[in-house]
Structure formats: structure tokens, C-alpha cells
Amino acid sequence: MAEQVDVVVIGLGVGGEETAGRLAQAGLNVVGVDPRLVGGECPYWGCIPSKMMIRASNLIAETRRVDGMAGRATVEPDWAPVARRIREEATDNWNDQVAVDRLVGKGVTFLRERASVVAPGTVQAGDRTFEASKGIVIATGTVPVVPPIEGLAGTPFWTNHEAIEADTLPATIVVLGGGAIGLELAQVFARFGVEVTVVEALDRVLALEEPESSALAQEMLERDGITFRVGVRAEAVSYDDGFTVRLGDGSEVTGEKLLVATGRRTDIRGLGLDAVGIDPSARFVAVDEHVRAASNVWAVGDVTGVGVFTHNAMYQANVAVLDILGADDAPRASYHAMPRVTFTDPEIGAVGLTEQQARDQGLDVRTGITQIPYSTRGWIHKAGNEGFIKVVMDASRGVLVGATSAGPVGGEVLSGLAVAVHAAVPVKELQQMILAYPTFHRAYGEALKDL
């Protein structure tokens with residue numbers, strides 16, 4: 001006999017956990033189902049441990065910048081404390097009991113099972129069936145893309161999971177993919193003494209960002225000793241106590257390890273979504289402005305295909321919660337000011353549209369750009385000051401529709417530009433702002449003058 005509940009949340013990554021917890025705290029009878037770790041990728045194999053790795057590698061880089069500015073310094077990289085911190089502080093050795101207790105403490109019934117929708121409002125999880133009177137939330141996230149490269153299947157290649165879990169680092173590694181994940185991990189490994197080769201099939205790394213971001217990232221990572229093979233595909237892989245990757249131009253690259261960082265994809269097959277009219281073969285679960293996917297079905301996070309970002313999952317969770325609760329002021333989701341940061345050194349933060357995306361939408365585009373080393377704070381900073389600020393304006397409305405902040409703490413400097421894009425602050429108002437001196441964000445003013 002089916003158990004009567006209010007809401008079933010399938011998938012308890014960042015978005016699902018937030019949704020389930022808040023609905024339970026609001027007094028609803030909520031069941032949360034996930035066969036994997038509560039919290040999902042971010043705390044165990046993504047945002048948190050990777051940023052610990054990046055913090056450590058940046059300390060190495062900063063130490064090497066002492067010479068010529070503050071005396072002399074030497075550094076001997078040691079991966080052991082980094083691996084130990086990830087295991088002990090970030091992941092509890094990949095044990096989610098703390099997260100489970102937190103969720104259950106909010107009143108959620110938790111099941112570590114696979115779930116499927118068997119009828120509208122009805123979910124099967126293990127040997128239990130639930131009828132959800134208010135609805136179902138899909139939050140099953142994404143999994144790494146493993147490209148169909150000849151010979152790759154069956155080899156001990158790494159994804160972000162193995163890279164994050166590594167107790168020791170290889171002498172050499174090939175990274176397939178020049179997106180944010182690939183570049184962040186490549187730079188970390190290089191700074192800890194690994195010989196790194198990055199292979200990117202497209203004509204530039206960070207292909208979804210501004211061309212200036214791509215050029216900056218590649219130049220700076222090359223300074224860390226990383227070799228790039230850009231605009232060439234990996235066509236075949238062989239493994240014999242090490243990897244050999246044959247490229248489309250006939251050349252080969254080799255590495256003790258191979259990291260596949262070619263993106264992520266949803267996997268909604270097996271969820272029974274056809275029972276509620278959702279195509280299980282679709283690339284993602286399409287949602288409306290209330291993140292509704294079907295009648296009494298909501299979806300949040302990566303599974304919706306709206307950016308593979310923790311902050312978007314949290315944002316959509318808020319929209320779903322307020323809609324399910326019938327709040328009078330329930331917001332409508334808008335993604336025009338989506339921020340994202342590639343946590344390389346320098347950091348590359350961006351919000352909204354790139355210049356090309358704005359032109360593709362037919363906007364009357366004006367751009368402005370300034371280099372961080374030319375700003376007073378950048379000049380003071382000196383070693384490690386590379387970066388720029390670029391703004392993209394819709395001249396017909398006189399507002400910014402996109403911006404990039406690359407440089408030291410570029411992701412933090414992005415915040416003011418994100419507010420400007422989100423709230424459509426008139427550029428004339430931005431040009432009249434008093435910007436603190438000397439700060440990195442004061443470079444906003446020079447970029448706006450350049451429009």
C-alpha cells in the first residue's frame with residue numbers, strides 16, 4: 001500500500017537537499033531519495049575539495065612571487081597535506097553521515113535508494129511506494145561525459161572523482177578538456193610538479209567565455225609549464241602502464257594518468273519520467289519560470305540544463321520551494337545575470353552574455369575593456385596581477401548585459417558587475433559611482449569609460 005506524503009524529492013545534491021530541507025521545515029511531509037551521498041558532487045568531488053586544492057596551489061605560486069618583491073623564498077610542494085585536508089575536513093572520507101543527520105534533523109524522511117516515478121504523483125523507492133499529494137521534485141544532477149573515443153572504455157582513466165580522491169600525484173598527466181574543470185585541475189597538478197598536457201578539441205580553451213579570457217587562461221597556464229594542444233581531437237586511447245592518446249593530426253601525447261574533463265551530462269533514464277509526460281531520452285528536464293517540468297513536477301539544479309553551477313541549484317531550489325508552498329511573492333526564475341567563475345590563477349569571473357552572445361541576439365552592442373595591470377591596485381600588486389575587466393552594453397537600453405572580471409580575486413570583483421547586470425542599472429548611473437581607491441574593482445570605471 002502506498003504511503004501518503006506531501007512531496008518526494010528525487011536526488012539530494014545541493015538543490016535537492018535544499019528543497020527537501022526547507023519544505024520539511026515549513027511543515028510538509030517530505031521524503032528524500034538518493035542512492036548516492038547526500039550533498040552531491042559539490043562537497044565531495046567538486047566545489048569544496050577542488051577549491052582546497054586550488055588554495056594550496058596558489059600558496060605555492062605566491063611563495064614563488066616573493067623573489068624580487070619581498071626578499072627570497074623557496075617552496076617544496078607536498079601533496080600529502082592537501083589530500084589529508086580533503087579527506088578529513090571536506091569529505092569525512094566520503095562519508096555523508098553529517099549531511100544525512102542534518103537533513104533528517106529538518107524532518108525529512110531519507111531513503112538511500114534508487115527512485116522512479118511509476119504514475120503521476122507516485123514514486124517507487126526500494127520496496128516502498130509513496131503518493132505525493134503536492135508533487136515530485138527531480139534533482140538528480142549530472143554525471144561526467146565520457147566521450148566515445150576508440151580504446152578509452154575499460155581503461156583506468158580519471159574523472160573529477162579520481163582526481164579529487166588522489167592520495168598521490170602522477171609524474172605526468174594528460175587532461176582531455178579545456179573547460180573550467182580541466183583547467184583548474186591542470187593548474188593545480190602543474191604547480192605540484194606534475195607534467196601536464198591539455199587537449200582541447202575546440203579552437204580555444206574556455207570556449208564559452210570571452211576570447212580574451214581564453215587567451216589569458218592559456219598564457220598563464222603555459223607559464224606554469226602546461227602544454228596545450230588546442231583545436232585537435234583525441235581519436236584513440238591505449239593503455240599499458242600509462243596512457244597514449246592519438247590526436248587527429250596524427251601526433252601522440254602520453255601520460256601516466258588520463259583525466260577526462262569533457263563536460264557533464266544528465267542521466268534521467270530509469271527515472272520513469274515518461275509516466276508524467278517527460279521524455280526520458282531528453283538531454284535535460286526542461287522547466288518553466290517556476291521550475292515546473294510537468295503538472296505537480298518540479299526540477300532543480302544541473303538536471304535542468306541551466307548551467308552546471310551550485311549557485312544555480314540553490315537559486316532554483318528557492319523558486320521551487322516558494323512555488324510549492326504557494327507563496328504570494330513566489331519569484332519567477334530568470335537567468336539573464338548568471339554568474340560563473342573559473343578558479344584558475346588568475347580567476348576568471350563572468351556574468352550574463354559574452355560579446356558574441358549579445359551580438360547573436362541582435363543587440364546593439366558596445367564593449368569596454370581595461371587591463372588590471374594598468375589600474376593603480378594592479379600596478380601595486382605587481383607579481384600575479386594579470387587580468388582585465390570587460391563590459392558588454394546593450395546601447396539601445398543603456399545597460400550592461402554582460403561582463404568579465406579576470407585577475408586576482410576576479411570572482412569577488414565580479415560582484416558589482418553582477419548586480420549591475422541583474423538589476424539593469426543604467427550605465428550612466430554606473431559611470432557616476434564613487435569607487436574606492438585603490439581597489440581592483442575601481443577598474444570598472446576605466447572599462448565603462450572605454451564603452
Side-chain angles (χ1 to χ4, degrees), residues 1-40 96 99-142 266-282 284-304 313-314 316-328 330 333:
M1 181 178 294
E3 301 175 52
Q4 304 299 310
V5 299
D6 293 318
V7 176
V8 176
V9 179
I10 303 175
L12 295 169
V14 172
E17 182 185 359
E18 174 76 1
T19 302
R22 285 183 55 189
L23 290 175
Q25 288 178 313
L28 299 190
N29 184 353
V30 181
V31 175
V33 188
D34 200 323
R36 300 170 297 184
L37 299 184
V38 172
D96 67 348
V100 171
D101 291 345
R102 179 176 63 236
L103 187 67
V104 172
K106 294 177 180 179
V108 177
T109 298
F110 169 63
L111 298 178
R112 199 181 299 280
E113 299 280 0
R114 294 191 179 278
S116 62
V117 181
V118 295
T122 305
V123 175
Q124 182 80 34
D127 59 1
R128 299 172 69 177
T129 303
F130 301 94
E131 288 185 355
S133 61
K134 289 187 176 294
I136 300 167
V137 180
I138 308 298
T140 50
T142 55
T266 58
D267 185 5
I268 58 176
R269 297 167 298 176
L271 294 179
L273 297 184
D274 51 334
V276 289
I278 298 173
D279 181 3
S281 65
F284 51 83
V285 178
V287 293
D288 67 10
E289 58 192 0
H290 299 285
V291 298
R292 299 170 187 161
S295 177
N296 292 329
V297 179
W298 291 259
V300 302
D302 296 359
V303 74
T304 66
M314 297 290 284
Q316 290 182 318
N318 181 64
V319 174
V321 166
L322 295 178
D323 193 48
I324 291 169
L325 294 176
D328 292 335

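- For E131, the side chain to side chain contact (heavy atoms under 4.5 Å, CB included) partners are A2, Q4, T122, not counting sequence neighbours.
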Could you pull out every donor-acceptor pair under 3.5 Å between side chains of residues 23-40 and any protein atom, sequence neighbours left out?
unit_1: D34; atom_1: OD1; unit_2: R36; atom_2: N; d: 2.8
unit_1: D34; atom_1: OD2; unit_2: L12; atom_2: N; d: 2.7
unit_1: R36; atom_1: NH2; unit_2: T140; atom_2: O; d: 3.0

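- Inter-residue side-chain proximity for V117 and I10 is flagged as met; some heavy-atom pair is nearer than 4.5 Å.
- Residue pairs meeting the salt bridge (Lys or Arg N to Asp or Glu O under 4.0 Å) criterion with at least one member in residues 18-28, sequence neighbours excluded: E18-R22.
- Here the side chains of T304 and F284 are not in contact, with every heavy-atom distance at 4.5 Å or above.
- Between the CD1 atom of I136 and the CH2 atom of W298 there is a distance of 9.5 Å, given to the nearest 0.5 Å.
- Qualifying side-chain hydrogen bond (donor to acceptor under 3.5 Å, both in side chains) partners for N296, counting only residues two or more places apart in sequence or in other chains: none.
- Residues meeting the side-chain hydrogen bond (donor to acceptor under 3.5 Å, both in side chains) test with R114, sequence neighbours left out: none.
- Applying the salt bridge (Lys or Arg N to Asp or Glu O under 4.0 Å) test to pairs two or more places apart or on separate chains, those with a residue in residues 286-299 are E289-R332, R292-D323.
- In this structure A327 satisfies the side chain to side chain contact (heavy atoms under 4.5 Å, CB included) test together with L322, D329, A330, sequence neighbours excluded.
- Residues that satisfy the side chain to side chain contact (heavy atoms under 4.5 Å, CB included) test with D101, not counting sequence neighbours, are Q97.
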Side chains of residues 266-278: which donor-acceptor pairs under 3.5 Å do they make with residues two or more places apart or in other chains?
unit_1: T266; atom_1: OG1; unit_2: R283; atom_2: O; d: 2.1
unit_1: D267; atom_1: OD1; unit_2: R269; atom_2: NE; d: 3.4

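- With sequence neighbours excluded, no residue forms a side-chain hydrogen bond (donor to acceptor under 3.5 Å, both in side chains) with S295.
- Looking at residues two or more places apart in sequence or on another chain, you find a side-chain hydrogen bond (donor to acceptor under 3.5 Å, both in side chains) between S133 and D6.
- Of all heavy-atom pairs between R112 and V100, the closest is NH2-CG2, 3.7 Å.
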